[in-house]
Chemist: 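The structure under discussion is supplied below as structure tokens; questions concerning it will follow.
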Amino acid sequence: MPEDTFALRIFRFDPESGKDPGYQDFQVPRGGRSGGLTVLEALFYVLEHQDPGLAFRYSCREAICGSCAMYISGEWKLACQTQVGHALEGNVVTVSALPHLPVIKDLVVDMEPFWRNYEKVKPYLINDGPPPEKERLQSPEDRKGIQEMADCILCAACHSACPSGIANEDYLGPAALTKAYRFVADSRDTAREERLTLVGNEQGIFRCHTIFNCVTSCPKGINQTYSIQQMKKLVMKRNLGLQL
Amino acid sequence: MYPLKHSPVRANPDLLPRHYRQGMWAWILHRLTGLGIVLFLLMHIWEISSVNRGGGAAFNETMNALRNPLAAFGELVLFIAVLYHGINGIRLILFDLGIGVRRQRALFWGVLVVSGALLALGLSAFLRLIFGTAPALVPWR
Amino acid sequence: MSTREGSWAWILQRLTAVLLLALLGAHFFVLHFVPSETYITFSGVAARLQGVLFWVIDFGLLVISLYHGLNGVRAVALDYWPRVDRSLSLALIIIGLIATLYGGRALTVFIRGM
């Protein structure tokens, strides 16, 4: 019954076929009266019933692993978190690979540019002090200050959505910069100076044009621009020789 | 083996702005008006510098040539562009001061409201320029 | 591009922006709401530009707006062509210097009034 189906328009690209990339429509049932079909489940339906060759990434299905970030009906979303009913445009849901990242096959992108920039900000705790007996303790208040940045699931939605330095693969991007601030603001971290040097240039925080696409695209509701602006202030303070 | 790094294929986001959010509009308008104003600035320097090329006579000639409806319309466009760029610039500087980073949407609407209000004032001056008389919207006139 | 250069370009863009808001507002007000004549003529402008203050303000406006504008062009271009940094900066500096000298000379002609 056609009224019970919708069209899932999927970005297709198979490097081995030698064909140009393009969109392909699949008719998918809406999921009966109970509704509640997610875009990820719709992709599974296509995989199981119509095209076993469809490639996409997923893992946890509950918005915590960050594998299934896609460009769904013009917005950066996690496929597992997005209801088909909310993504419909007419009777069509359009699903593309994350924009601006190299496509390996169908909806699977090469995350190398994302990880390369992520590694540049040294996304781990640095503490030169002697190792403590048990663990490095942090007060609940100090922890609260970095809660937002620590929520990041590394889905690369913001990285892919950011128009600043859109043709510049060396731009750190909002995800890496937010991670940098997560450690800059961490009371246990001692590499503040080094971190500010890593991000305080025009491939880092000063390439950000405060467009807020990262903020609108983040599935975890993180405000990356806040982190970036905080670091701009810290870098300027350091340049002026003020106490950080 | 397929060389991952060299995949030339990218999915592109919509070129049509149906999903642009406030921040994206603010940025695109800021960028376009900025580039337009730079172009005008260079033209403005060239036109004023007609005194370098032929003294006061050349300057008067240039000013006469610029007294036409097209130039007046261009000035109106310039006025709107500078108004928007300047007021959105205040919005950007507020972000840099740490103000309103979590209120960016509201601030964008604020920019449009303030720009619109000042535009109404400016329009009265332009109407006077074009038609000779204009409604007295400007308080100091 | 070294760390500090990037941050200074950024802060200068903000400082010139604030100065431009004030200077451009004054420029606009003087030209449109304090008219000394119906049409703009050389003698009229020259008469107004006689004060040193006007020369300083106008020359400052010239330099500051050129810096803000051309640095803006650089920021835009580097988003799309990240590898042209050095040659682009050099080209923009040359354009800026030529425009400053040429425009500054024009201002001086007005002051001399001939």
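Owing to the predicted nature of the structure, the values given are computational and were not obtained by experimental measurement. Letters A, B, ... mirror the listed sequences (proteins, then strands); counts begin at 1. Values below: every heavy atom of this structure, side chains too, minus hydrogens, waters and symmetry copies.
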Chemist: Tell me yes or no: between the side chains of B:Ser49 and C:Arg105, is some donor less than 3.5 Å from an acceptor?
Modeler: no
Chemist: Quick check on B:Ile37 against chain C: is it the side chain, the backbone, both or neither that has a heavy atom closer than 4.5 Å?
Modeler: neither
Chemist: For chain C, find which of B:His85, B:Arg53, B:Arg67 contributes the most heavy-atom pairs closer than 4.5 angstrom.
Modeler: B:Arg67
Chemist: Which bit of B:Leu42 comes within less than 4.5 Å of chain C, counting heavy atoms only: side chain, backbone, both or neither?
Modeler: side chain
Chemist: By a 4.5 Å heavy-atom criterion (distance strictly below it), what part of B:Leu66 contacts chain C: side chain, backbone, both, or neither?
Modeler: neither
Chemist: At a heavy-atom distance under 4.5 Å, which candidate from C:Leu62, C:Val18, C:Leu66, C:Val73 has the highest pair count against chain B?
Modeler: C:Leu66
Chemist: For the residue pair B:Thr33 and B:Leu29, what are the closest heavy atoms and their distance?
Modeler: OG1-O, 2.7 Å
Chemist: Give, for atom OG of C:Ser87 and atom CH2 of C:Trp81, the distance between the pair rounded to the nearest 0.5 Å.
Modeler: 12.5 Å
Chemist: Does C:Asp79 come within less than 4.0 Å of B:Arg31, counting only side-chain N to carboxylate O?
Modeler: yes
Chemist: Can you tell me which of B:Asn52, B:Val38, B:Val51 forms the most heavy-atom pairs within a distance under 4.5 Å of chain C?
Modeler: B:Asn52
Chemist: Would you please classify the geometry between the C:Phe110 ring and the B:Phe59 ring as parallel, tilted or perpendicular, with 30° and 60° separating the classes?
Modeler: perpendicular
